[in-house]
Amino acid sequence: MAPRALDTLPPRQADAAAPDPDQLRDLYRLLSNVRQLDTSAVAWQRQGLIPGYAPMLGQEAAQVGAGFGVDKTRDFVFPTYREMGVAYTLGVNMVEYMSTHKAIWHGGLYDPVASHFAPFQAVVGGSVLHAVGWAHGQTLNGASADGLGVGVAFLGDGASSQGDVHEAMNFAAILKAPVVFFVQNNGWAISVPTEQQVAGGSVAARAAGYGMPAVRVDGNDVLAVVEATQRAVAHARAGLGPVVVEAMTYRRGPHSTSDDPGRYRTLEDEKIDGGEDPLNRFRSVLLTQGLADASFFAEADAGAQTRADEIRDGVVALDSRPGSEMFDFVFQESTPTLGAQARQWREESEHV
Amino acid sequence: MAPRALDTLPPRQADAAAPDPDQLRDLYRLLSNVRQLDTSAVAWQRQGLIPGYAPMLGQEAAQVGAGFGVDKTRDFVFPTYREMGVAYTLGVNMVEYMSTHKAIWHGGLYDPVASHFAPFQAVVGGSVLHAVGWAHGQTLNGASADGLGVGVAFLGDGASSQGDVHEAMNFAAILKAPVVFFVQNNGWAISVPTEQQVAGGSVAARAAGYGMPAVRVDGNDVLAVVEATQRAVAHARAGLGPVVVEAMTYRRGPHSTSDDPGRYRTLEDEKIDGGEDPLNRFRSVLLTQGLADASFFAEADAGAQTRADEIRDGVVALDSRPGSEMFDFVFQESTPTLGAQARQWREESEHV
Amino acid sequence: MSEVLEGVRETAPTPLLQLSMQQAINRALGEILESDDRALIFGEDVGVLGGVFRVTDGLQQRFGANRVFDTPLAESGILGTAIGLAMAGFHPIPEVQFDGFAYPAVNQIITQLARMNYRSRGRLPMQVTLRVPSFGGIRAPEHHGESLESLFAHVPGLKVASPSNPQQAYHLLKHAASMPDPVIFMEPKARYWNKAGVNLAADEDTASLEGSVIARPGKHATLIAWGAMVSRCLQVAELAAEDGIELEVLDLRWLKPIDEAGLAASVSRTRRAIVVHEGPHTAGLGAEIAALVSQSCFDTLRAPVERVTGFDVPYPSGDLEDEYIPNIDRILFGVQRVLEYRRG
Amino acid sequence: MSEVLEGVRETAPTPLLQLSMQQAINRALGEILESDDRALIFGEDVGVLGGVFRVTDGLQQRFGANRVFDTPLAESGILGTAIGLAMAGFHPIPEVQFDGFAYPAVNQIITQLARMNYRSRGRLPMQVTLRVPSFGGIRAPEHHGESLESLFAHVPGLKVASPSNPQQAYHLLKHAASMPDPVIFMEPKARYWNKAGVNLAADEDTASLEGSVIARPGKHATLIAWGAMVSRCLQVAELAAEDGIELEVLDLRWLKPIDEAGLAASVSRTRRAIVVHEGPHTAGLGAEIAALVSQSCFDTLRAPVERVTGFDVPYPSGDLEDEYIPNIDRILFGVQRVLEYRRG
Ligand SMILES: Cc1ncc(C[n+]2csc(CCOP(=O)(O)OP(=O)(O)O)c2C)c(N)n1
Ligand SMILES: Cc1ncc(C[n+]2csc(CCOP(=O)(O)OP(=O)(O)O)c2C)c(N)n1
Ligand SMILES: [Mg+2]
Ligand SMILES: [Mg+2]
């Protein structure tokens, strides 16, 4: 399914230049690291190290490309449960990120404020409106010389069906908020294919109805994603309002480690619909442009393996949080009732 | 604000022919009756007969035109709180309809099943999804020789912001349900003008994003509304899926009898934005076509006055419902707890 | 657990089938679709996949994609569509995939589903059976372990049931689906996979499917529970029995309407009560139970009704789940408190 | 009602302003916007119109359309935007126009607003003050008379307050807005227009704004209420006094956290309690109060706690409103039951 092109974003210089050769090689390293970490996490689950995981296999280009287009010093990312690759690209502490999959803390242990990466979000469509609110806050704060901070909301094709996503797009367009709605259309919402989910066939096509520009891009082409994201972010940063980016990609793995895709699609389908591996595609680009050779890839892939192993060690070492933390973070200012419950819990469960 | 035309509904014979001269005169009678009843109801509120009312002044052509395009023997209308004119056109018992404004029964006393007119709905956007479900039921029942029953959902420009409306449009388009989303864009949602409500400026323009056809029509031209509605209903009836009709009209009165529009718009604005009175416009049409003369209008308007007076008498005569009915309609099969509460209520409040 | 205690009349001996609750519900759904051609099943992933818990496994294949279908990912859309289908004379059996994803549908459930019969003065009955895999205990991600019973039970116009074992799930669901009013059917997902004997024939006596059941008789105190907490309370009763303490376990089964008479009958015998639930403490359904029992057994109660519940904290991540959900220790502490209570 | 009973310290005599609750809240909002430049007010019709109850009247003119603005008609959108603004360091004070229209926002309130502080381990505090004109009594259309307190009080991570008079509304709102956690502020719309004396200076002692207050002292039984039911209970107490029955009226004020100590102190003195609320009976907040009091005053209570509440029926149309909301007669019947109760 080759993505139909759609591009209503007015041509405009992106803030950032196209990636230079060093950045291109960095992009490959990121892709490789993310691929390695993702497949490792699936293995960790099989080995019993973590109870579950939501693989992003096949979406590496979309996620690394999107993350690369974001300025992590002043933009803010609102992820779902599948944005491991964005987190990695933005430099989120990956051991702390993985803690949520180890069932240690729902939102993850990483610091969302320092990371500019909101807590892990399990409600489909739950955080899209937050991006709009955060972004409107940037407008209220007023632009600096180089423009506004941009809220980047991640959502899937399935999420696009939620009422909240519509409300978010309408609010953003009415408020002219600096938001990028970054849709990963990966063909599936668990077992439901996009055709049975997204009436009209494209989330980007909805943007026009809100008077918003949109770009529909080949989500398995990392450079195309970088460019689309940079352009969208630049548009929002300049105070010109929200943009939809729809990256057409494919969820190559199961929905999660407890899913069984064999019940709703064949391996044959996967092969045809998945298309060429986004990493292979980018390898060809680098080779063709003479920017990398086999030894570069070998080194990058080995580095990715090392990095994944380091993260694994960190995840292994992660201890459960003390039960008392259940009570500690409910409020900034606790209440007498909660205090009494915490005391009772301590007496009965910690026998103190 | 002259409505920008928008028409993506494939040209297709409507089931029903354009109104013949008798029907045209009937349309005028309906318009006049509805205008008279509406202005009377405002007066009833001032006189203390009813505690509140939501006038539809200025929307007569939109409502009578829409109602005229609906087949009340097999379609089903899902109104909001402002569709008095549609109810009238469909032949709903108007005393029973007005009972809701007399604070007698929230949904109105009329029989929604017999009337093909769902209960009065106070939640903005609340019933739009019901139309989709009802319509999908018609698909499941299978079409008769002359097609499907059509669900007609009424909603305002304000309602279009609700997540439920998006979910309804997406579900309808995915299910190819025979629904017409009839939007009365009357310029206001209480004090908020459409420009601050509907990003992109038009609800009809959203339809394309769902792969749905839409017609944007001058909602103060009753014949244009009849035609658009008939075409939309015919499209849905033929099993071709949902359609959005956006009737551009103007709420000439206050939002409700407790609203004070002077706080957010001037009389000058009202005059300019309201345009020519839809009744006057249709009078000119009938006069120009030689289908009616001054005595016809005088007679029709006098009839409308008589009819409104009859309804007033009925509304005056309406008694409160007995308190026991609070308990009677909660369930089809009551429960022991509720039975006990009803007994206690009787003992304490009726002293039996 | 004897059949008599399950409230089901003795019938001609039927071989018991060993079924998990997930299988028992699947079987009940198949029979409902078979006997009632207005019945429709829909929701996220219930069709081709057969549901994330396989509760609707095979039903689309058997009954076709008109009767069992996948919807877009929108819970309000699912419920609103169900309401419209009920208005058109169908009997929708929608699923919300997990408890925590019922919140987006709360507006349709409270302002529409629960009120349509009332608003229309009985002319638009809502025979809608809403299945919600519910409660915690499976180490799942955030929002997959919620207890919404007190929210639902508070809403006039809704009925709410929760089965505790496969036998009950099978009959209770068929019964709920036969009712002409909206029923929220809360399936304890932690119990989906435990097998137990199911007597398919035992559904003749409808009355036996109303109200609560005594899952284990006892005399020193009554443990009141529903869903997955029933089997935990049975374990507690087993342990307490070793110390000579005979705990009665009352399986509430219907969370709305609540079997006030059954509660009063049990506690007026045992004179002590502990209500156990997973949901947060404040304004949980345990408060209603405690208030009812404190009133109906005012003269006989020998100790304040204990509530052993989830804490007033968001449902925690898997690692802390066992600290949050009432565990055997915490329930035993509650039992101890009611048994040792002495008027001051 | 003396100032001491309102829990406010005596200060240098300040002339009391005669304000309605709507004016008192408007005044408090103005002061909040003035003193906290991160504070923002938004919602449906709160800007140009000044709110359908004029509670935000004049604030957009005074503070500009950046600080006080109208949103599109979408409650989930309003709450979700508020959460994002709080993440960006603002202090949103959104309004939901009527109680019954908070349901579309329940998902954002429960799964996001109430949990963001927890989920982020305290790094993303949610200083969001959500105003909701609440409860019934004004003969309004459907969904304009709902009581959502038991729903909100059940949600871990939320705090819930409801004022009963203008003085309290003014100070309580300012206090709630100063808290770094989400507070749902339920304004009893039936009391918006009644004027009473307000001492603007009496807010120095923050502690006095926590917990409940005794609105009228008494000794034969305690009436427990909040919102518009407080003044109704004061009327009842007035009537009962004519018969020599001295009823204490406890104004709960905070519906979460509940002032357990204050409840226990009052009822252990009066030994009888009646809780009064508008919302439906089953699993209403009255159940929590009854459960708490039944436990804390187990030894002293002389009669079961009475609950005089709305019925388990949808909030009815204006004509039946007085049959639904606890009226003076029904409250007096409840009082009679606790006073005449004799152990069987
Ligand atoms: C509100 C809500 N409903 C249902 C779910 C269960 N669920 C989790 S992921 C998912 C599919 C999401 O699909 P999509 O948005 O396309 O994202 P993807 O999983 O493909 O990344 C569903 C139904 C949920 N998490 N939240
Ligand atoms: C869910 C919900 N939110 C808020 C309200 C309060 N309210 C009633 S009508 C209205 C404006 C509706 O505007 P629109 O949809 O354009 O319809 P119109 O009143 O113009 O006919 C509002 C905000 C409501 N009834 N329902
Ligand atoms: Mg997807
Ligand atoms: Mg409007």
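This is a predicted model, so every value here is computed, not measured.
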Using the ring pair (Phe, Tyr, Trp, His ring centres under 6.0 Å) definition, which of the options A:Phe329, A:Phe327, A:Trp105, A:Phe331 pairs with D:Tyr118?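 The single option meeting the ring pair (Phe, Tyr, Trp, His ring centres under 6.0 Å) with D:Tyr118 is A:Trp105.
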Heavy-atom pair of closest approach, residues [X] and [Y]:
{"X": "D:Ser76", "Y": "A:Leu129", "answer": "O-CD1, 3.4 Å"}
{"X": "D:Pro72", "Y": "A:Asn170", "answer": "CB-ND2, 3.7 Å"}
{"X": "A:Glu333", "Y": "D:Asp181", "answer": "N-OD2, 3.0 Å"}
{"X": "A:Pro119", "Y": "D:Leu124", "answer": "CD-CD1, 3.6 Å"}

Given that the side chain runs from C-beta out, which part of [X] has a heavy atom under 4.5 Å from chain D: side chain, backbone, both or neither?
{"X": "A:Phe76", "answer": "side chain"}
{"X": "A:Val113", "answer": "side chain"}
{"X": "A:Gln332", "answer": "both"}
{"X": "A:Tyr110", "answer": "backbone"}
{"X": "A:Glu325", "answer": "both"}

- Message: Walk me through whether A:Thr335 and D:Trp254 qualify under side chain to side chain contact (heavy atoms under 4.5 Å, CB included).
- Response: CA-CA 11 Å; A:Thr335 69; D:Trp254 281 96; over 6 Å; no
Point to revise | Short side-chain to backbone donor-acceptor contact, D:Gln108 and A:Gly126, under 3.5 Å | key: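 Side chain of D:Gln108 to backbone of A:Gly126: a pair is present.
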(message) Using modelled atom types and a 3.5 Å cut-off, is there a donor and acceptor pairing between side-chain atoms of A:Asp164 and backbone atoms of D:Gly77?
(response)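 Flag not set: sc A:Asp164 to bb D:Gly77 has no pair under 3.5 Å.
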Q | Between D:Pro125, D:Gly89, D:Pro182, the one whose heavy-atom pairs under 4.5 Å with chain A are most numerous | A |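 Answer, by heavy-atom pair count under 4.5 Å with chain A: D:Pro125.
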(message) Tell me which of these, D:Gly80, D:Pro92, D:Pro156, has more heavy-atom pairs under 4.5 Å with chain A than the rest.
(response)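 The answer is D:Gly80.
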Gap separating the [atom1] atom of [X] from the [atom2] atom of [Y], nearest 0.5 angstrom:
{"X": "A:Ser127", "Y": "D:Met116", "atom1": "OG", "atom2": "CE", "answer": "7.5 Å"}
{"X": "D:Arg115", "Y": "A:His106", "atom1": "CZ", "atom2": "NE2", "answer": "8.0 Å"}
{"X": "A:Thr337", "Y": "D:Glu260", "atom1": "OG1", "atom2": "CD", "answer": "4.0 Å"}
{"X": "D:Asn66", "Y": "A:Thr139", "atom1": "CG", "atom2": "OG1", "answer": "9.0 Å"}
{"X": "D:Arg121", "Y": "A:Asp111", "atom1": "CZ", "atom2": "CG", "answer": "10.5 Å"}
{"X": "A:Leu175", "Y": "D:Thr71", "atom1": "CG", "atom2": "OG1", "answer": "8.5 Å"}

- Assess the pair D:Phe42 and A:His136: is the distance between their ring centroids shorter than 6.0 Å?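 No, too far apart.
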